[in-house]
A.B. asks: 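This is the structure I have questions about; it appears just below.
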Number of protein chains: 2
Amino acid sequence: MARIAGSSGPRTEEAIRRAGLKLIATHGYAAMSLRQLAAEVGIQQGSLYNYFRNKQEFLFDLIRGHMLDLHAALDAALLPEGSAEARLTRFTEFHVAYHVARAQEVFICYSELRSLEPDNLAAVVAMRRDYERKLGDILDHGCATGEFRLADTRMATLAILAMLSGICTWYKPEGRLSREAMQEIFTGMVLALARGETQALARGEGAAEVAVVPSRRRRALQAGVG
Amino acid sequence: MARIAGSSGPRTEEAIRRAGLKLIATHGYAAMSLRQLAAEVGIQQGSLYNYFRNKQEFLFDLIRGHMLDLHAALDAALLPEGSAEARLTRFTEFHVAYHVARAQEVFICYSELRSLEPDNLAAVVAMRRDYERKLGDILDHGCATGEFRLADTRMATLAILAMLSGICTWYKPEGRLSREAMQEIFTGMVLALARGETQALARGEGAAEVAVVPSRRRRALQAGVG
DNA sequence: GTCTATAATCCGATAGAC
DNA sequence: GTCTATCGGATTATAGAC
């Protein structure tokens, strides 16, 4: 990134934000040094402290700002009334659009929670819980009206959010599918999951009991392969 | 962890592995120092180099070993023949069981890919792709036989894997649901998603166009809230 | 195999000139 | 607001005694 000549407050601030998003999304917060960030922006490392008090505050501002945006945008997109199906459709379309448009920020919000200090983490987790509840309420309502058939709405909430949030881990703007196509595909999958009319197959007893912890001997053999 | 007196090769090796899994899962690879790791094991930092050549090799061994275990366990669990529904049921039950039993290792395999150097990353990504293909083949087969109805099997592959893999981000052994209950719930959701007989609702035009990038002014207001 | 000691580098954060 | 310079400490990795 080109060197910015002279004084320029707001421009530098936005450049730092964008560079930080990119570096943290790529390498992670702990692996990003402030010298790296300053070089990407085109300023000296010490100058960064005109824009935050310390590295932790920079991360928290990024994540908190994004969560506020997310909530505001969801509230604007969500229907206050209507059938559960219509509201779930809206929720899914919004979630896909948001994750496509702001994949980096969304990714950081999931992956860098571990890097937040306790107080900052608590604030973000509370906002996250509110967000989950909005989906959970739709699912609960749909089950009450008979539109949805879910064995466990809490698990369904986590499953749907994980499924949709996964988008930000592999989505590329130049990819095969347009935003509209992805919205339609994912809406179809989410609705099918929620309606879930079918019964699970009789489970093959024993299948679930497969060994998931390898023997010490197999581990040793694996090490030898390298 | 208690100090291990005297020489003890294999015991130390396993202790390092377990401590590394815990620390990396909790704080991340970049944030874990070798001094921290050594302290957790109860040895001095320099002694770690009897067990790996450098920090990167330690991470790669952890991830690669886990991927080998995962593949071997899946192959043992998966039915070579049978209906697509039966095979998808087996796949899901296995995936849930594995993620419940080894949540830490699975989590690291997703979250620390970014910390792998290029050659190591390429090796892991190749293994990951093989794994995805095994699910993709089941879905393709099911669509061909008419058991499944999916608009896009590639998206469905990614969606199902994200949904199941999400388990390792929130699962706690002391949680509300047993492994068996989770297997049944998730199998039901995955099968419903794959069968997906229903059509999506007519989409509310305009709903997808909601602003996902806030105005500069709103951002400034948000910053003021703090 | 474990220890102590240390090399060489990098880190976040601060001070003060302009 | 940006720069240069630096402080104090932490980091990975190595060397050599036991």
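In what follows, chains carry the letters A, B, and so on, assigned in the order in which the sequence lines appear, proteins first and then strands, with residues in each chain numbered from 1.
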A.B. asks: What is the distance from OH of B:Y49 to C1' of C:dC3, rounded to the nearest Å?
C.D. replies: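 In whole Å, C:dC3 C1' and B:Y49 OH are 16 Å from each other.
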A.B. asks: Are more than 12 heavy atoms from other residues, nucleotides or ligands located less than 6.0 Å from atom CG of B:D119?
C.D. replies: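 At most 12 heavy atoms, drawn from other residues, nucleotides or ligands, come within 6.0 Å of this atom.
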A.B. asks: For C:dT4, take OP1 and OP2 only and decide whether either is under 4.0 Å from a side-chain N or O of B:Q44.
C.D. replies: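 Answer is yes, contact under 4.0 Å.
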A.B. asks: Nearest to the side chain of B:R35, which nucleotide is it out of D:dC3, D:dT11, C:dT2?
C.D. replies: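 So the nucleotide nearest the side chain must be D:dT11.
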A.B. asks: Side-chain N or O of A:S47 versus OP1/OP2 of D:dG1: is the shortest distance under 4.0 Å?
C.D. replies: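 The answer is no; no side-chain N or O of A:S47 sits under 4.0 Å from OP1 or OP2.
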A.B. asks: Measure the CE-OG distance between A:M32 and A:S115 for me, rounded to the nearest 0.5 Å.
C.D. replies: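 One gets 10.0 Å once the value is rounded to the nearest 0.5 Å.
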A.B. asks: With a 4.0 Å cut-off, would you call A:R87 and A:D137 a salt bridge?
C.D. replies: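 Answer for the salt bridge query: no.
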A.B. asks: Start at the 5' end of DNA chain D and walk down; is the nucleotide closest to A:N50 or to A:Q45 reached first?
C.D. replies: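 Looking at the nearest nucleotide for each, A:N50 comes out on the 5' side.
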A.B. asks: Nearest to the side chain of B:S8, which nucleotide is it out of C:dT2, C:dG12, D:dT12?
C.D. replies: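 Nearest to the side chain of B:S8 among the choices is C:dT2.
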A.B. asks: Have a look at B:Y51 and say if it touches a base, only the backbone sugar-phosphate, or nothing, with a 4.0 Å heavy-atom cut-off.
C.D. replies: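 Sugar-phosphate contact only.
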A.B. asks: Among C:dG12, D:dT12, D:dG1, which nucleotide sits nearest the side chain of B:S33?
C.D. replies: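 Taking heavy atoms from C-beta onward, the closest nucleotide is D:dT12.
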A.B. asks: Taking the six-membered ring for Trp, are the ring centroids of B:H66 and B:Y98 within less than 6.0 Å of each other?
C.D. replies: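 Ring centres of B:Y98 and B:H66 closer than 6.0 Å.
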A.B. asks: Return the value, rounded to whole Å, for the distance between atom OH of A:Y29 and atom P of C:dC11.
C.D. replies: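 Answer to the nearest Å: 14 Å.
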A.B. asks: From C:dA13, D:dC3, C:dT2, pick the nucleotide closest to the side chain of B:T12?
C.D. replies: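 Nearest nucleotide to the side chain: C:dT2.
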